[in-house]
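Single-structure report; data block below.
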Number of protein chains: 2
Amino acid sequence: MAGTVVNLKARTGQSEGLGARREIDLASLDFTNCPVRDVLQQIGGKWSTLLLEALAKQPYRFGELRRMIPDISQRMLTQSLRDLQRDGYIEREVFPTKPPSVEYRMTELGRSLYTVLSQLLNWAEANHDEVRAARLRFDADAV
Amino acid sequence: MAGTVVNLKARTGQSEGLGARREIDLASLDFTNCPVRDVLQQIGGKWSTLLLEALAKQPYRFGELRRMIPDISQRMLTQSLRDLQRDGYIEREVFPTKPPSVEYRMTELGRSLYTVLSQLLNWAEANHDEVRAARLRFDADAV
DNA sequence: CTGTATCCCGAAGGATACTG
DNA sequence: CAGTATCCTTCGGGATACAG
């Protein structure tokens with residue numbers, strides 16, 4: 001089972017020490033190969049999960065996605081799709097039609113991710129009210 | 001099952017239309033009550049999952065967390081803990097000792113979240129290599 | 001239709017100093 | 001010990017215009 005302090009150290013790019021006695025070495029913090037952050041940073045983007053949700057259902061073309069998410073800018077749609085493609089979550093196929101058309105579809109890796117990601121999305125939806133209630137309580141106490 | 005285009009519309013703060021025929025109303029995009037983004041924004045923070053992982057294991061005091069994550073600034077540690085507390089994921093208890101000590105512990109809501117969140121963290125750890133490989137391939141093709 | 005290229009702004013986060 | 005307060009930098013992301 002993951003999720004212990006050992007993983008914490010892995011997250012900050014450190015190797016685990018010998019015991020609990022030794023203080024951690026502050027130098028040489030790399031951060032570039034923290035697996036969790038490396039993945040979460042991507043799907044933590046403003047539009048990533050939205051696109052994954054859409055493409056999990058079926059392939060879509062650029063313009064279709066654009067219409068489905070009217071408040072995304074063209075720039076961010078392109079960039080988000082590129083990033084998802086770069087990480088191997090989605091594929092891009094160009095059809096050499098008269099006006100060129102491009103279709104995006106989810107890969108197996110993407111589906112694998114979406115399987116666990118959707119659990120989190122469902123949780124968020126299901127517990128949103130409780131979170132909002134907690135916020136109201138907190139803000140009230142803070143006067 | 002959630003995670004369809006209907007949810008997409010919910011994410012952007014819209015109510016679902018009557019059918020696929022009608023174009024969505026571009027006006028009145030609220031965004032403040034998009035459940036998924038409302039929750040994901042929090043745990044998408046740079047230190048949130050790290051703190052949740054630590055506190056999922058056991059309660060910790062401020063300084064302990066600080067030592068466990070040496071590259072977090074005091075400012076961000078305070079703020080991240082506050083935010084997690086505000087959303088109801090963790091509790092803060094002050095012990096009126098000589099130098100005051102404060103302990104943070106996970107709530108039931110936090111454990112509930114962490115149950116599904118840890119699945120995602122495990123996935124990230126397990127598939128990190130594949131993601132990195134996909135990136136290398138993408139970057140190579142792009143010349 | 002599917003993008004690139006620029007410019008720009010606000011929010012996230014780091015460094016440092018000070019406090020009960 | 002456990003924070004606040006202030007300043008400053010970086011970066012994600014929006015608006016707009018142009019292009020193949």
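- Rounded to whole Å, atom P of D:dG20 lies 18 Å from atom NZ of A:K98.
- One interatomic measurement links the two molecules: CG of A:D71 to P of D:dG13, which rounds to 13 Å at whole-angstrom precision.
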N/O-N/O pairs, protein side and nucleotides 9-11 of chain D side, under 3.5 Å:
none

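- The shortest non-hydrogen separation linking B:L117 to B:I43 is CD1-CD1, 4.1 Å.
- Of the residues in residues 74-82 of chain B, those lying under 4.0 Å from DNA chain D by heavy-atom distance are B:Q74, B:R75, B:T78, B:R82.
- When each of A:F62 and B:G44 is assigned the nucleotide of DNA chain C bearing its nearest heavy atom, the one mapping closer to the 5' terminus is A:F62.
- B:R111 places a side-chain N or O within donor-acceptor distance of the main-chain N or O of B:A56, the cut-off being under 3.5 Å.
- Residue A:Q41 places its CD atom among 12 or fewer non-hydrogen atoms of other residues, nucleotides or ligands, all under 6.0 Å distant.
- Considering OG1 of B:T49 and CG of B:L84, their distance stands at 9.5 Å, rounded to 0.5 Å.
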With both pairing distances under 3.5 angstrom for Watson-Crick or G-U wobble, and | for a partner in another strand, the correct string for DNA chain D is ||||||||||||||||||||
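- B:E91 is linked by a salt bridge (charged side-chain N to carboxylate O under 4.0 Å, His left out) to nothing, counting only residues two or more places apart in sequence or in another chain.
- DNA chain D is contacted by B:R92 of residues 87-96 of chain B, taking any non-hydrogen atom closer than 4.0 Å.
- Considering CG of B:L52 and CD of B:Q42, their distance stands at 9.0 Å, rounded to 0.5 Å.
- A distance of 15.0 Å separates OG of B:S118 from CH2 of B:W123, quoted to the nearest 0.5 Å.
- Protein chain B contacts DNA chain C from C:dA12 to C:dG20, reading 5' to 3' and using non-hydrogen atoms of the protein with a distance under 4.0 Å.
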